[in-house]
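For the single chain, residues carry numbers from 1 onward in sequence order. Side chains are part of it too, since the values below use all heavy atoms of this structure and drop only hydrogens, waters and symmetry mates. Predicted model only: the values in this text are computed from it and were never measured.
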Amino acid sequence: MSEPDRYMLDQAEQLAQHLKLVDGKSGYVEATSEAYHVYLRKKWPGKQLTSWDGIPVEWHENVGTHKAANR
């Protein structure tokens, strides 16, 4: 698996801001070369995005505190 390019990393940051995951505790967005992975401490309230900028989004809910804080 190849590393995500700069564009994917920038888009992951935009997605995190769109989802309001900027507090460093509730979750984060990780970019891979194939998809964006959203890690959340709790269940996401509302409708989940299936894609962002034409690239699939995979949701991982109820992950542990350290994983949600990307530690």
Side-chain angles (χ1 to χ4, degrees):
M1 177 167 70
S2 62
E3 292 292 316
D5 60 13
R6 184 77 223 148
Y7 177 77
M8 289 282 290
L9 296 173
D10 289 342
Q11 286 298 312
E13 180 63 30
Q14 292 294 322
L15 177 57
Q17 290 179 10
H18 177 76
L19 298 173
K20 296 178 176 53
L21 299 176
V22 292
D23 64 359
K25 298 176 191 173
S26 57
Y28 75 102
V29 177
E30 178 180 73
T32 64
S33 58
E34 296 87 28
Y36 299 111
H37 296 268
V38 178
Y39 294 92
L40 302 166
R41 283 186 62 203
K42 299 180 180 180
K43 185 152 177 54
W44 183 254
K47 185 177 181 185
Q48 295 178 346
L49 297 172
T50 57
S51 67
W52 180 258
D53 195 37
I55 298 172
V57 176
E58 295 183 20
W59 293 79
H60 308 276
E61 298 174 315
N62 298 318
V63 298
T65 303
H66 280 61
K67 182 67 177 172
N70 196 18
R71 292 186 204 151

Run the side chain to side chain contact (heavy atoms under 4.5 Å, CB included) test on Asn62 and Arg41 for me, step by step, so that the C-alpha distance in whole Å, both residues' side-chain angles and the decisive distance to 0.1 Å come before the verdict.
CA-CA 5 Å; Asn62 298 318; Arg41 283 186 62 203; over 6 Å; no
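- For His18 against Leu49, the heavy-atom pair with the smallest separation is CD2-CD1, 4.0 Å.
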Check the pair Tyr36 / Glu58 against side chain to side chain contact (heavy atoms under 4.5 Å, CB included), numbers first and verdict last.
CA-CA 6 Å; Tyr36 299 111; Glu58 295 183 20; over 6 Å; no
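- Of all the heavy atoms in Lys67 and Tyr28, the pair that sits closest is O-CE2, 2.9 Å.
- Looking only at distances, a side-chain donor or acceptor of Asp23 sits under 3.5 Å from a matching main-chain atom of Ser26.
- Sorted by first and then second residue, the side-chain hydrogen bond (donor to acceptor under 3.5 Å, both in side chains) pairs with a member in residues 42-51 read Gln48-Glu61; sequence neighbours excluded.
- Scanning both residues, Ala35 and Met8, for their nearest heavy atoms gives O-CE, 4.2 Å.
- Both Val38 and Ile55 are assigned to one and the same hydrophobic cluster, defined by single-linkage of ILVMFWY side chains at heavy-atom distances under 4.5 Å.
- Hydrophobic clustering (side-chain heavy atoms under 4.5 Å, transitive across Ile, Leu, Val, Met, Phe, Trp, Tyr) keeps Leu19 apart from Tyr39.
- Note that the CG atom of Leu21 and the CG atom of Asn70 stand 11.5 Å from one another [nearest 0.5 Å].
- The backbone N or O of Gln14 sits nowhere less than 3.5 Å from a side-chain atom of Trp52 that would complete a donor-acceptor pair.
- In terms of heavy atoms, Pro56 sits closest to Glu34 at CD-O, 3.7 Å.
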Might you work through the side chain to side chain contact (heavy atoms under 4.5 Å, CB included) test for Leu40 and Val63, ending with a clear yes or no?
CA-CA 6 Å; Leu40 302 166; Val63 298; 5.7 Å; no
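- Within the 4.5 Å cutoff, the side chain of Asp53 has no heavy atoms near those of the Leu15 side chain.
- Closest approach of Gly24 to Ala69, counting heavy atoms only: O-CB, 3.4 Å.
- Looking at residues two or more places apart in sequence or on another chain, you find a side chain to side chain contact (heavy atoms under 4.5 Å, CB included) between Leu9 and Pro4, Arg6, Ala31.
- Aromatic ring orientation, His60 versus His37: parallel (interplanar angle below 30°, classes split at 30° and 60°).
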